[in-house]
Amino acid sequence: SQTIHQWPATLVQPVGSPLSLECTVEGTSNPNLYWYRQAAGRGLQLLFYSVGIGQISSEVPQNLSASRPQDRQFILSSKKLLLSDSGFYLCAWRRGATTGELFFGEGSRLTVL
Amino acid sequence: GNSVTQMEGPVTLSEEAFLTINCTYTATGYPSLFWYVQYPGEGLQLLLKATKADDKGSNKGFEATYRKETTSFHLEKGSVQVSDSAVYFCALSRGDTGFQKLVFGTGTRLLVSP
């Protein structure tokens, strides 16, 4: 069966520090991968998606970047965090060419102080 | 563009009450529609889905019918339980170029008291 893992689960970082959140999918190959952010009191915002290794699409301009160094690994990064980067970050995957159902990881809660 | 609008929360109910959470959408063509549920401190889980007009998705006593004429996908449950307390997200999936993205509503928090 397929599983998806994110880490770390919780992170407290000072403003200006770097960020790296990792997401790994197991039990499938060539998944479509997604990073969403859920800010307090708001819905889910799609940040990045990827259809393959090295292929990243950004949905909104921001202080974050994403990379996909391996087929089932998706990394969210920042060189210098802002207060507004605080939120709950969710990684998700989907099989290609399906009706769009996403499978989500457990989430990573980031607090920038 | 594609968008989803959900009713504002929180929705507060007593156990065994009837639940309706409204969801309407704007999209070109024929999107697939979903309800996801998020329990405290967790990621999202798919609750149910419908892929074409008049389809009814159902799971764990929850139901939603894809209404193209009213562009709606309201979530209902006949008798809620305390364990149903969570945030519910309506979403649509649309992809014109073969790649599908999910667009989510802002979520509706449900609080069920004993």
Side-chain angles (χ1 to χ4, degrees), chain A residues 2-11 21 23-25 30-52 55-60 68 74 87-111, chain B residues 1-10 21 23-25 27 29-53 55 57 59 64 66 73 86-109:
Chain A
Q2 299 83 17
T3 58
I4 178 169
H5 298 290
Q6 286 183 240
W7 70 93
T10 305
L11 197 59
L21 300 179
C23 172
T24 300
V25 179
N30 197 31
N32 292 337
L33 296 173
Y34 304 76
W35 278 111
Y36 281 87
R37 177 170 59 199
Q38 184 179 20
R42 301 179 63 181
L44 276 76
Q45 180 185 35
L46 178 61
L47 302 176
F48 301 95
Y49 62 91
S50 172
V51 299
Q55 301 178 62
I56 308 295
S57 296
S58 174
E59 282 293 288
V60 294
R68 185 169 177 174
F74 205 24
F88 193 50
Y89 289 83
L90 290 159
C91 181
W93 74 275
R94 185 183 71 84
R95 292 186 189 89
T98 66
T99 55
E101 176 182 346
L102 292 184
F103 298 93
F104 284 85
E106 310 93 336
S108 297
R109 184 164 301 282
L110 170 66
T111 302
Chain B
N2 301 321
S3 65
V4 175
T5 302
Q6 290 182 236
M7 60 189 293
E8 291 270 345
I21 299 178
C23 171
T24 57
Y25 68 90
Y30 304 95
S32 296
L33 301 174
F34 304 82
W35 277 101
Y36 279 80
V37 59
Q38 183 180 31
Y39 298 102
E42 298 183 10
L44 275 70
Q45 304 172 26
L46 178 67
L47 181 60
L48 53 85
K49 68 179 182 181
T51 58
K52 60 183 187 295
D55 267 3
N59 185 27
Y66 189 143
F73 193 54
V87 181
Y88 292 81
F89 291 90
C90 186
L92 68 83
S93 180
R94 186 81 182 99
D96 297 312
T97 59
F99 180 81
Q100 302 239 355
K101 295 182 281 188
L102 245 61
V103 175
F104 286 88
T106 52
T108 302
R109 183 176 299 279

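Order of the sequence lines fixes the chain letters, A, B, ..., with proteins taken first and strands second; residue numbering starts at 1 for each chain. Given the structure is predicted, the values throughout are model-derived calculations rather than measurements. The basis for the numbers below is simple: all heavy atoms, side chains too, and nothing from hydrogens, waters or symmetry mates.
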Residue A:L90 versus chain B: region with a heavy atom under 4.5 Å: side chain
How are the rings of A:W93 and A:F103 set relative to one another: parallel (under 30°), tilted (30 to 60°) or perpendicular (over 60°)? parallel
Is chain B contacted by the side chain of A:Q6, its backbone, both, or neither, given a heavy-atom distance below 4.5 Å? neither
B:T24: partners by side chain to side chain donor-acceptor pair (under 3.5 Å), with sequence neighbours left out: none
At a 4.5 Å cut-off on heavy atoms, which part of B:Q45 comes close to chain A: side chain, backbone, both, or neither? neither
What orientation do A:Y34 and A:Y36 show, parallel under 30°, tilted 30 to 60°, or perpendicular over 60°? parallel
Please classify the contact of B:L44 with chain A as side chain, backbone, both or neither, using a heavy-atom distance under 4.5 Å. both
Can you sort out the partners of B:F89 under ring-ring contact (aromatic ring centres under 6.0 Å, His included), two or more places apart, ordered by chain and number? none
